[in-house]
Asks: 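Got a structure for you, written out below as structure tokens; questions coming shortly.
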Amino acid sequence: MIFIAVRFTVRPEHGDDWLAIVDDFTRATRSEPGNLFYDWSRSVDDPNQYTLLEGFADAAAGAAHVASDHFKAGMEVMAGAIATKPEIIHVEVPGQGWSEMAELTPRA
């Protein structure tokens, strides 16, 4: 699996509407056959910072994502709303998605 974490700092005027700005891109990416997950979260410390966690089945799925028309369109839309160049972690890991955490189980 290709695991990617991207941290975006958006312009203050787009802090509250970032998820709407990236909605088309998010929906299109989630519908790709090789996409395993594509999840946004907002920082609890900085309202203008969002983190994207994404997983793709393999390198070919990741390459197809980057080559897609919606990727190019998404980059264009995001470029107008970000304050700084995003930071990224991109690694290949074993497995095909999330596993259960062994150390914690809900109480009955």
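Keep in mind that this is a model prediction, so the values were computed, not measured. Along the sequence shown, the residues carry numbers beginning at 1.
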Asks: What's the separation between atom CG in Leu53 and atom CD1 in Ile89, rounded to the nearest 0.5 Å?
Replies: 9.0 Å

Asks: Can you find a pair of side-chain heavy atoms, one from Asp39 and one from Glu54, that are under 4.5 Å apart?
Replies: no

Asks: Decide whether Trp40 and Thr51 meet the rule of one side-chain donor and one side-chain acceptor closer than 3.5 Å.
Replies: no

Asks: When you compare the side chain of Asp24 with that of His70, does any pair of heavy atoms fall below 4.5 Å?
Replies: no

Asks: Hey, are Tyr38 and Arg30 close enough side-chain-wise for a donor-acceptor pair under 3.5 Å?
Replies: no

Asks: Between Tyr50 and Leu19, is there a donor-acceptor pair closer than 3.5 Å when you use the side chain of the first and the backbone of the second?
Replies: no

Asks: Can you give me the closest heavy-atom contact between Gly34 and Ala61, atom names plus distance?
Replies: CA-CB, 3.7 Å

Asks: Are more than 12 heavy atoms from other residues, nucleotides or ligands located less than 6.0 Å from atom NZ of Lys85?
Replies: no

Asks: Salt-bridge test for Asp16 and Arg42: reply yes if a basic N is under 4.0 Å from a carboxylate O, no otherwise.
Replies: yes

Asks: Under 3.5 Å, side chain of Arg11 to main-chain N/O of Ile82, donor-acceptor pair present?
Replies: yes

Asks: Do the side chains of Gln96 and Leu36 get nearer than 4.5 Å, heavy atoms only?
Replies: yes

Asks: Taking Val6 as the starting point, is it possible to reach Met75 by hopping between hydrophobic residues whose side chains are less than 4.5 Å apart?
Replies: yes

Asks: Are the side chain of Ser31 and the backbone of Ala28 linked by a donor-acceptor contact shorter than 3.5 Å?
Replies: yes

Asks: Answer yes or no: is there a side-chain heavy-atom contact under 4.5 Å between Phe56 and Val66?
Replies: no

Asks: Set out, in order, the CA-CA distance, both residues' side-chain angles and the distance that settles ring-ring contact (aromatic ring centres under 6.0 Å, His included) for Trp98 and Phe3, then state yes or no.
Replies: CA-CA 11 Å; Trp98 296 94; Phe3 175 77; 7.0 Å; no

Asks: Is there a path of hydrophobic side-chain contacts, each under 4.5 Å between heavy atoms of I/L/V/M/F/W/Y residues, joining Met1 to Ile4?
Replies: no

Asks: Same cluster or not: Val93 versus Phe37, using hydrophobic residues (I, L, V, M, F, W, Y) connected whenever any side-chain heavy atoms lie under 4.5 Å apart?
Replies: yes

Asks: Taking atom CD of Glu13 as the centre, report whether more than 12 heavy atoms of other residues, nucleotides or ligands fall under 6.0 Å from it.
Replies: yes

Asks: Before you tell me yes or no, could you show the steps for Val22 and Met78 under side-chain contact (heavy atoms from CB on, under 4.5 Å), namely the whole-Å CA-CA distance, both residues' side-chain angles and the distance that decides it to 0.1 Å?
Replies: CA-CA 7 Å; Val22 298; Met78 286 187 239; 3.8 Å; yes

Asks: Can you tell me how far CZ of Phe25 sits from OG of Ser68, rounded to the nearest 0.5 angstrom?
Replies: 6.5 Å

Asks: Residues in side-chain contact (heavy atoms from CB on, under 4.5 Å) with Asp17, at least two apart?
Replies: His14, Ile21

